[in-house]
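Not measured: the values here are computed from a predicted model.
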Amino acid sequence: MFLFDSFMGSNFTFVTLNVRGLRDFVKRRAVFSYLEGVGFDFCFLQEVHLRDGGDVSRFKREWDKGESVWGIGGVHSSGVGILCGRREVKVDDSFVVMQGRVIGVDVTIRDCKFRLVVVYGPQVVADRREMVDCLTPLCVTNRTFVIGGDFNTDLGIGGDSSAGAITRLMACHGLVDGGLHTTPKMAGPTWRNSRGVERRLDYIFIPRSLGKLSGRLLPVFFSDHDGVLLQVGSPVCLFGRGYWKLDRDVLEEQAFVDGFYDLFWRLEGLRSMCEGVLEWWELVKVRIRAFIIGYCKRKKREERREVDRIQRLIELEYEAGNLGGSFDWERSATLKAQLRELQERKARAFLERAHSGFLEHNETCSAMFFKSVRARQSRKVMHGIREENGSIVREPEDMVRVTTDHFQGLFKEREIDVEQGNVFLEHLSRRLPEDIREVMEAQISLEEVESALRRMGKGKVPGMDGLPAEFYLKCWGILGPVVLEVLKAILETGVPGGSMAVGVLSLLYKKGEVIDLGNWRPLTMLCVDYKLLAKVLADRLRTALPYVVHRCGVEGRSIRWNLQLIRDSIAWVEDRGLPLMVAALDQAKALDRVNRSFLFRVLGRLGFGEKFIGWIRTLYVGAGCRVSVNSHLGDVFDLSSGVRQGCPLSALLFVLYMEPLGAAIRADTGVEGLLIPGSGGLRVKMTQYADDTSLLLCKDSCLTRSLAIFEDFTRASGAVLNHAKSSVKFFGRWRGRTDVPGGLSLCEGALRILGVHFETFGSATLNWNMRIAVVQRKLAMWKARYLSFMGKVLVLKVGVLPSLLYLAYIYPLPACLRRPLVRLVFQFM
């Protein structure tokens, strides 16, 4: 169970009971009467001995306190049922997992959504293990998952292998034994026979975080099993509905594509009713959404009918056997396999919509697989948020309010010193050539937009309109000219459309205290049509950067150059005994604190035309945002500062924003860098890559002066140095030094810059040992999952090799570590 936590409000009562047969009318009336007296919301019944559809109809009719769902089993052995004790309970869906042994229902009561599963465990251990495998896909849901029944194995006395499988499955999905989760604990036996043997076979498993209230055993006169009653607090869905997103699977269906084309041609007729193409485009996206939702509902109904058809065919086989006819075991096994495939396909679709990462097409839905997915999901969940006054809020609406207030304050415009900004702008001596400026301000073309679309990442979360890049690619034949017309209209009017102007702020946990909002990185989910325009402008801006930016951070220049420079500088001073301090400077909320007025002045100083600057301003001025906390959306607020993390322009604009700082330090004679051997007197003072700035200095006064320049840059631009995360490490003649000028902290271990650790010696072995340990953990996780050979190759190519190549460009793999790495990879394969 993935997405639920916490509790509040009213309580729910669950009962499980093995009734040892209900086909006798007198006994059935006695059992139903007894259960009415107990009072419950949901009851799991096992061994009800249902024979055929006639029994199902009769049982449904006689239980008149609410809805009921039944599973046909054997005349003298199996058969299960779920009773609803309230008429207000709505059964949304039902499904058979193992005929006569496991059935489930999705129900809704008082805005609470449950998935309930009743289990009657087989007598044979191997069959119980198969039952556990069948249960696994059902745990993938955004409903509160509760499972109860007679498992036919005692989990508490070191039982057989099926007991271990059940325990692991429950642990993987955050479920606990409700009987042991209550006060007092109900650890006594629930089954006894005439020979004095007693076992605890009956259980109710609930989410770990549900409110535990009370429970008791229910001795009954009509069965050798005691019933188990459990009362728990009602769940609150920690995850909200979020916003609608297109299911990409439908794009592969020709019926969908044909239907969309027909719809779009009809929507062309609505142009005359709208004031302009932007208003019409917003109307079109609303109609497209309605069409897709309707199509998916019809598809879901068809899938439901297919499941019902297969279930009915299985039931007919059982009915034939119960009535004395022949039972076709082979056909029954085939139908069960089809049913399980449909259930696993549904589980996979759920996980893919939840963006659970790499999924191999034929990977088995094992417990280990879902455990790894659950671990990734848990890193995205916020269970509480600390307010400024120190109190912690946990209710969804309070967390949304606090998060909205936090980021609204973070993205507000701050006062800057314009005169101080002019001083920094004076250091910018480069200008964009006239011919390049004209190219950048040329009319955008359909080829540019299509190229930007084809280079967009697939599988990305779309913006508020819910339409991903794959949708535009699939329908580009008719959408292309329209999208180009829309983007041109935005650039001409200076006003983006409604959905394009609003992004969804999704939070990504970094490290530190989870309840501290400062430890969550804000990523903005933007509509694809907005990102197409931003990407076209980013492509043009990228061609201009080499003319105006000094040496690094632009296309054609590699992040490796900075790291190789630092590596060689350390090696040089260690070899010659020269003094060197390397200061790794960290900025607080670097991209979020960008002052846009200063940024636009930088663009103007570098020679960008007013037309192009106006286009950039169109995308940022007036932009709005809504925070998403566990898929609960907040109200729209304005973004007055910062560049959006998630916008294709952000990184490039930030490089330009930081260029005045680099230019000022390079021009300052009071900052003396390391003399590069063989360079004819050239000294390196600093390296910059995005918001990572590293200083390579040979005098204490140089660090003090550099920090003073940064303080001036703070007043000019709004950027803030994070002193707590900025550190200095000494090399060469200064190795072992402990006094740090400028108030920065001393780095006592290896200095980490752009993911690589630098030490006075042994840096290559240090980095590779750390990297191999990470690879070992990754491969251990993947090895537990049933991957094909090509799936394993894909894991190595996508999840392992890039990180190794990145390090190898800086520090080649030491000879002593080659064999362990090769052995690790081949053992995985």
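Lys458 places a side-chain N or O within 3.5 Å of a backbone atom of Met456 that can act as its donor or acceptor partner. Judged purely by atom type and a 3.5 angstrom limit, Trp520 uses its side chain to pair as donor or acceptor with the backbone of Val514. Side chain of Asn630 to backbone of Met382: a donor-acceptor contact under 3.5 angstrom is found. For the pair Tyr530 (side chain) and Leu619 (backbone), a donor-acceptor distance under 3.5 Å is present. The closest donor-acceptor contact from the side chain of Asn722 to the backbone of Ala724 lies under 3.5 Å. In this structure, Thr714 contributes its side chain and Phe710 its backbone to a donor-acceptor pair below 3.5 Å. Side chain of Lys685 to backbone of Val671: a donor-acceptor contact under 3.5 angstrom is found. Put simply, the side chain of Thr404 gets close to the backbone of Val400: a donor and an acceptor are under 3.5 Å apart. Using a distance-only test at 3.5 Å, with no hydrogens or angles considered, a donor-acceptor pair links the side chain of Arg567 to the main chain of Ile810. Asn595 places a side-chain N or O within donor-acceptor distance of the main-chain N or O of Ser597, the cut-off being under 3.5 Å.
By the 6.0 Å and 45° rule, Arg521 does not stack over the aromatic ring of Tyr509.
Distance check, rounded to the nearest 0.5 Å: CG of Asn519 to CG of Leu507 gives 11.5 Å. Atoms CD1 and OG1, on Ile385 and Thr403 in that order, are 3.0 Å from each other to the nearest 0.5 Å. Atom CG in Leu505 sits 5.0 Å away from atom OG1 in Thr524 (nearest 0.5 Å). The SG atom of Cys647 sits 9.0 Å away from the NZ atom of Lys531 when rounded to the nearest 0.5 Å. Considering CG of Asp405 and CG of Leu517, their distance stands at 10.5 Å, rounded to 0.5 Å.
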Side-chain donor-acceptor pairs under 3.5 Å in residues 737-758, sequence neighbours left out?
residue: Arg737; atom: NE; partner: Asp739; partner atom: O; Å: 3.2
residue: Arg737; atom: NE; partner: Asp739; partner atom: OD1; Å: 3.0
residue: Arg737; atom: NE; partner: Asp739; partner atom: OD2; Å: 3.4
residue: Arg737; atom: NH1; partner: Asp700; partner atom: OD1; Å: 3.0
residue: Arg737; atom: NH2; partner: Asp700; partner atom: OD1; Å: 2.9
residue: Arg737; atom: NH2; partner: Asp700; partner atom: OD2; Å: 2.5
residue: Arg737; atom: NH2; partner: Asp739; partner atom: OD2; Å: 3.2
residue: Ser745; atom: OG; partner: Ser726; partner atom: O; Å: 3.0

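Between Trp734 and Phe730, the ring planes are perpendicular. Angles over 60° get that label, and only those under 30° would be called parallel. The aromatic rings of Phe407 and Phe411 sit parallel to each other, their planes meeting at less than 30°, with 60° as the upper class boundary.
A salt bridge between Glu448 and Arg540 is present, with a side-chain N of the basic residue lying under 4.0 Å from a carboxylate O of the acidic one. Between Glu672 and Arg705 there is no salt bridge, since no side-chain N of the basic residue sits under 4.0 Å from a carboxylate O of the acidic one. Taking 4.0 Å as the cut-off between side-chain N and carboxylate O, Lys285 and Asp529 count as a salt-bridged pair. Using a cutoff of 4.0 Å between basic side-chain nitrogens and carboxylate oxygens, Arg454 and Glu450 are scored as salt-bridged.
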Before you tell me yes or no, could you show the steps for Phe424 and Asp712 under side-chain contact (heavy atoms from CB on, under 4.5 Å), namely the whole-Å CA-CA distance, both residues' side-chain angles and the distance that decides it to 0.1 Å?
CA-CA 9 Å; Phe424 278 90; Asp712 292 338; 3.7 Å; yes

Worksheet item: Between Glu659 and Arg666, does a salt bridge (Lys or Arg N to Asp or Glu O under 4.0 Å) hold up when you go through it step by step?
Response: CA-CA 11 Å; Glu659 180 62 13; Arg666 289 191 298 269; 2.9 Å; yes

Worksheet item: Where do Arg431 and Tyr547 land on the side-chain contact (heavy atoms from CB on, under 4.5 Å) test, with the steps shown first?
Response: CA-CA 7 Å; Arg431 296 292 184 275; Tyr547 298 97; over 6 Å; no

### Task
Decide side-chain contact (heavy atoms from CB on, under 4.5 Å) for Leu467 and Val528; before the verdict, give the C-alpha distance in whole Å, the side-chain angles of both, and the deciding distance to 0.1 Å.
CA-CA 7 Å; Leu467 301 175; Val528 170; 5.9 Å; no

* Would His406 and Glu387 satisfy side-chain contact (heavy atoms from CB on, under 4.5 Å), going step by step from the backbone distance to the final call? -> CA-CA 9 Å; His406 172 82; Glu387 293 189 87; over 6 Å; no

* Stepwise, does the salt bridge (Lys or Arg N to Asp or Glu O under 4.0 Å) test hold for Arg626 with Asp635? -> CA-CA 6 Å; Arg626 304 177 69 182; Asp635 296 329; 5.6 Å; no

Passes salt bridge (Lys or Arg N to Asp or Glu O under 4.0 Å), Arg401 versus Glu395? Steps please.
CA-CA 10 Å; Arg401 172 183 55 79; Glu395 297 302 321; over 6 Å; no

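Screening Leu653, Val621, Leu599 against Ile616 for a side-chain contact (heavy atoms from CB on, under 4.5 Å) leaves a single residue, Leu653.
Side-chain contact, Ser763 with Glu759: no donor N or O sits under 3.5 Å from an acceptor N or O.
Applying the salt bridge (Lys or Arg N to Asp or Glu O under 4.0 Å) test to residues at least two apart or on different chains, the pairs with a partner in residues 409-426 are Glu426-Arg605.
Applying the salt bridge (charged side-chain N to carboxylate O under 4.0 Å, His left out) test to Arg455 and every residue at least two apart in sequence or in another chain returns Asp539.
Around NZ of Lys699, the count of heavy atoms belonging to other residues, nucleotides or ligands within 6.0 Å does not exceed 12.
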